[in-house]
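Report on one structure; see the data block that follows.
Residue numbers start from 1 in every chain, and the chains themselves are labelled A, B, ... in the order their sequence lines are given, proteins ahead of strands.
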There are 2 protein chains.
Amino acid sequence: MARTGQSTTRSPQRRPTLREVADQAGVSISTASLVYSGKQGVSPATAERVREAAEALGYAGPDPLASSLRHGRSGVVGVHLEGTLGYAFQDPYAVSVLDGLGQALDELGMGMLLVPEAPGEASHAARLVAGQALDALVFALCGPTTSALVDQVAARGIPMLGTGAPADDRVVQLRIDDRGATAALVDHLLELGHRDVAMLAMPLDPGARTGPVTVADIEAATYPDARDRALAFVDRMGPDRPMVQSASLSIDGAAEAAALLLDVSPRPTAVVAQSDLLAAGVIRAAAHRGLSVPQDLSVVGFDGVELPWFEGRLTTVEQDGRGKGRHLGDMVRRLLDGEDVPDQVHPTHLRLGTTTYPR
Amino acid sequence: MARTGQSTTRSPQRRPTLREVADQAGVSISTASLVYSGKQGVSPATAERVREAAEALGYAGPDPLASSLRHGRSGVVGVHLEGTLGYAFQDPYAVSVLDGLGQALDELGMGMLLVPEAPGEASHAARLVAGQALDALVFALCGPTTSALVDQVAARGIPMLGTGAPADDRVVQLRIDDRGATAALVDHLLELGHRDVAMLAMPLDPGARTGPVTVADIEAATYPDARDRALAFVDRMGPDRPMVQSASLSIDGAAEAAALLLDVSPRPTAVVAQSDLLAAGVIRAAAHRGLSVPQDLSVVGFDGVELPWFEGRLTTVEQDGRGKGRHLGDMVRRLLDGEDVPDQVHPTHLRLGTTTYPR
DNA sequence: TTGTACGCGTTATCAA
DNA sequence: TTGATAACGCGTACAA
């Protein structure tokens, strides 16, 4: 058991309180409070006295904890992430969303508390959410369709935002049109004359293994974004095209998975990768095999992130992660203002690059 | 002015409190509290009654805000980042440190609140720190030597940790041996026979512009890690070698800066880049010019991160970012336990790769 | 313009 | 084993 209170006999560890400042200044505690909340109605003279007293005592302003308790607001927004930080932030798209969200919250004077949920460590996230005073929880990166956190957080009356998941009435969604966007990508390849098109999917389920997937697998998928993109592919190309999922959302994983698509005969002339990171892996795998993109193989991605080491420009769906993050931030604000915020769709658009070529 | 309190006439917006649960269960409020704090001394029967009452009322457990106020601890550690999230997380090394720190804090049941300080927006970070209840503040990525936040946070009695910066007695440091590690890199190149060695430095100061730097610039640098690595270079190679700083810690920026080193005659036979990301830029710039690494140009980096798209292995200083993050987490714990934590040095080691070659 | 008094929701101490 | 009471530090009607 931790020794209670017994703060080691060090110098004035205890911080002064507003009451002491008020005493020192010879005013009442409420007057002192007014000086800090900046409301009207304190004479400049007394305000000055209070500030001097604060300075003398080393008072740094009202205790945020007490202030928050009083206001019923903590100023903190929880940001749920699927996987460890190292895994989640590996994807530049994820980073851009967080960047935009962080920027928006910054302007609101709110902070971002990270709630990573590493595989198998769900209890950590649950404990964190139970012990932290959150004003809202944002599922920033499309995770599984269901989450045990939803019930828990809803019980606390904390508003939730998602980007497609978890699917629950209590979670307000900011989606994108995964199916429409994917259809546009596939149509672009069809127009270029490609018929032998393959798909490299993001993981469909937690713990997914690299390997072929069937339409049944897709329909039963846990991740709605991966599912919808795959369904749109099937819708356009039929159920018999080569379809593989990568075990991880990473360049290395994708390069490995790409082998299952490229080392067969006949080799597809185009690959639809469900994310730019996966597309990068496909491109690397192609280069490894002496295939040039786009002459020998067309590749499309999804997200529209910067791949600074890649010469050329990926044909992809531009998702505007930063804008999406800011959009989420705006929804948080409105939710906290008591508005009734409906589900929304963030716009995307097809961006033609240098990785697709007529067949 | 926001309409005060006037919560829109919606259903039971208010969450039940412990007092209501106690009333409902027919016990005192303190007994009900004991059920949740899990201490000894509540009969199974009454505990059950309390739980039933809680269930019936939809009570989700003690309010973290009130609990924190009582305990004087928020369970939140602030993590200061230089620049926007998008900028900071672009560097895989930064991500790995945060990953390790997050992991360590997770095990402590604590959360990470991001405190990004975008250039020119220092007031946002200040406001955030003033309004949030932090148990500690970690300057996770070596920023400028001085920070206005230090005084402010110190005044609140919040312990601070840094990784070399800000330089202040009140900030406990976990450093690395930048000078020794850089010296080892340079010595490795010297042993390989290189004499014409150039350096590509990280930004030496906020707002740095890409261009040559002098020893005087280096000595006056704001970022201690960039400074120390540069000083070690000068110490080994003398003051007359080509030295350039990149305006940003990014592959693109580095590739641009590398032009100043590669497009001169005689061209250096080796480049010491102050970070792996910069080294990646140098390698790309070299490839652009038809130079092969390491035959035509040796390149060394610093950090030891994964560059998944890079075939081959960088010769670099392995910094073990995850381990360093966990080390920081451990220091946080000890600080919060009231221990007197001294400055520490995290070990690094030279890792030989495929980007250096005898001359 | 300033002061009084109460409550925000808990938890720790002590007495019963 | 349980209950009364007093903080934790602050904001805000209301009265003066």
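Rounded to whole Å, atom P of C:dT10 lies 14 Å from atom CG of A:Leu65. For A:Arg156 and C:dG9, the CZ to P distance is 13 Å, given to the nearest whole Å. Here C:dG9 presents its P atom at 14 Å from CG of B:Leu57, a figure rounded to the nearest Å. For B:Asp23 and D:dG3, the CG to P distance is 11 Å, given to the nearest whole Å. Here the P atom of nucleotide C:dA12 and the CZ atom of B:Arg73 are 13 Å apart, to the nearest Å. In this structure, CG of B:Leu18 is placed 7 Å from P of C:dT11, rounded to the nearest angstrom. Rounded to a whole Å, the CG atom of B:Leu69 is 14 Å from the P atom of C:dC8. Taking atom CZ of residue A:Arg19 and atom P of nucleotide C:dT4, one finds them 9 Å apart after rounding to whole Å.
Considering only side-chain N and O atoms, A:Ser43 lies under 4.0 angstrom from the phosphate OP1 or OP2 of C:dT2. Contact annotation: B:Ser28 side-chain N/O to D:dT2 OP1/OP2 distance is not under 4.0 Å. Of the side-chain N and O atoms in B:Thr46, one or more sit less than 4.0 angstrom from OP1 or OP2 of D:dT2.
Under the 4.0 Å criterion applied to side-chain N and carboxylate O atoms, A:Arg326 and A:Asp330 are not assigned as salt-bridge partners. For the pair A:Arg127 and B:Asp106, the salt-bridge criterion is not met [side-chain N within less than 4.0 Å of a carboxylate O].
Checking D:dG9, D:dG11, C:dT10 against the side-chain heavy atoms of B:Tyr59 singles out C:dT10 as nearest. Nearest nucleotide to the A:Ser67 side chain, out of D:dG9, D:dC10, C:dT11: D:dC10.
A donor atom on one side chain and an acceptor atom on the other are not found under 3.5 Å apart for B:Tyr59 and B:Gln24.
Residues A:Tyr36 and B:Ala47 both approach DNA chain D. Their nearest nucleotides, taken by heavy-atom distance, put B:Ala47 toward the 5′ side. Closest-nucleotide positions on DNA chain D for B:Arg70 and B:Val42 were compared, and the one nearer the 5' end corresponds to B:Val42.
Heavy atoms only, all atoms of each residue included: B:Ser147 and B:Pro166 are closest at CB-CG, 3.8 Å.
Put simply, the side chain of A:Ser30 and the base of C:dG3 share a donor and an acceptor less than 3.5 Å apart.
Note on B:Ile29: a base of the nucleic acid sits closer than 4.0 angstrom, heavy atoms only. Across all strands shown, B:Ser33 has heavy atoms under 4.0 Å from base atoms, whether or not it also approaches the sugar-phosphate.
Shown are A:Leu113, A:Leu161, A:Leu98; of these, the side-chain contact (heavy atoms from CB on, under 4.5 Å) with A:Val79 is made only by A:Leu98.
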